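There's a structure below that I have some questions on.
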Amino acid sequence: MIDASLPPGDTEDGGQRVVNPNTGEVVRSKIFVAPYMFFERIALDARTLTVLKRQQQFDANKYHDPMAAVNDVADIMSPAQLAEKLGYLAERSAFQAIRGKGATVEVSVPKVAAPPADAASAAR
């Protein structure tokens, strides 16, 4: 993911901040593949189906593998890599559309929950 490790914007020679799809390192490059996601989230009133809110969501990442010796920009990433990155982008865009750009999710180890007391007696 592109962050503040490089100054924002383009360089004078046209290089842009891009991510190496294999390492996650942020570098500058003029050549990249940029999968993008654009959708509109619409909130409806459940009773009347009146549109309460419309919000457009646009998200993109730029990828370039500096070690790839390719002549065609479409060959920078394999179709499997591109599908994985696009899936990640869709998930992140949908989450940000609902929770906002600053929201985060913490993942922890699952814990086994004890069954309710009446569920144990019903099983006998």
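Predicted model, so just to flag it, every value in this text is computed and none were measured.
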**OP:** Report yes if the side chains of Glu40 and Arg54 come closer than 4.5 Å at any heavy-atom pair, otherwise no.
**Re:**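 Counting from C-beta outward, Glu40 and Arg54 do come under 4.5 Å.
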
Subject >> Flag, side chain of Arg17 to backbone of Arg28, donor-acceptor distance under 3.5 Å >> reply: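 Answer holds: no.
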
**OP:** Find the distance between CG (Asn20) and CE (Met77) and round it off to the nearest 0.5 Å.
**Re:**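 One gets 10.0 Å once the value is rounded to the nearest 0.5 Å.
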
Original post:
In chain order, what residues pass the salt bridge (charged side-chain N to carboxylate O under 4.0 Å, His left out) check against Arg47, with sequence neighbours excluded?
Top reply: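 Scan of Arg47 (salt bridge (charged side-chain N to carboxylate O under 4.0 Å, His left out), adjacent residues dropped) gives none.
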
Subject >> For Gln56, side chain to side chain donor-acceptor pair (under 3.5 Å) partners two or more places apart >> reply: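 Partners of Gln56 by the side chain to side chain donor-acceptor pair (under 3.5 Å) criterion come out as none, since no residue qualifies.
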
Subject >> Non-hydrogen atoms of Ile42 and Val51 that approach each other most closely >> reply: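 The answer is CG2-CG1, 3.9 Å.
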
Original post:
Remaining members of Phe39's ILVMFWY cluster at a side-chain heavy-atom cut-off under 4.5 Å?
Top reply: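 Grouped by the 4.5 Å side-chain rule, Met37, Leu86, Leu89 form the rest of the cluster around Phe39.
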
**OP:** Identify the heavy atoms of His64 and Ile76 that sit nearest to each other, and give their distance.
**Re:**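 Smallest interatomic distance, heavy atoms only, reads ND1-CD1, 3.5 Å.
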
Subject >> Nearest non-hydrogen partners of Lys85 and Pro21, listed with the distance >> reply: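 The pair with the smallest heavy-atom distance is NZ-O, 3.4 Å.
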
Subject >> Min side-chain heavy-atom separation Tyr63-Pro35 under 4.5 Å >> reply: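 Yes, side chains in contact.
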
**OP:** Taking side chain to side chain donor-acceptor pair (under 3.5 Å) as the test, write out the residues that go with Glu91, two or more places apart.
**Re:**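 For Glu91 there are no side chain to side chain donor-acceptor pair (under 3.5 Å) partners, ignoring immediate neighbours.
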
**OP:** Step by step, work out the side-chain contact (heavy atoms from CB on, under 4.5 Å) result for Val26 and Lys62.
**Re:** CA-CA 10 Å; Val26 179; Lys62 298 173 186 173; over 6 Å; no

Original post:
Under 3.5 Å, is there a donor-acceptor pair between the Ser93 and Asp59 side chains?
Top reply: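 Per modelled atom types, Ser93 and Asp59 side chains form a pair under 3.5 Å.
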
Original post:
Looking at residues at least two apart in the chain, or sitting in another chain, which of them share a side chain to side chain donor-acceptor pair (under 3.5 Å) with Ser108?
Top reply: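 Ser108: no side chain to side chain donor-acceptor pair (under 3.5 Å) contacts found.
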
**OP:** Not counting sequence neighbours, which residues clear side chain to side chain donor-acceptor pair (under 3.5 Å) with Gln81? List them please.
**Re:**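 Applying side chain to side chain donor-acceptor pair (under 3.5 Å) to Gln81 gives Asn22.
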
**OP:** Measure the spacing between CD of Gln96 and CZ of Arg41 and express it to the nearest 0.5 Å.
**Re:**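 Result: 12.0 Å between the selected atoms.
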
**OP:** Indicate yes or no: at least one non-hydrogen side-chain atom of Leu82 is less than 4.5 angstrom from one of Val33.
**Re:**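 Contact flag for Leu82/Val33 side chains = yes.
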
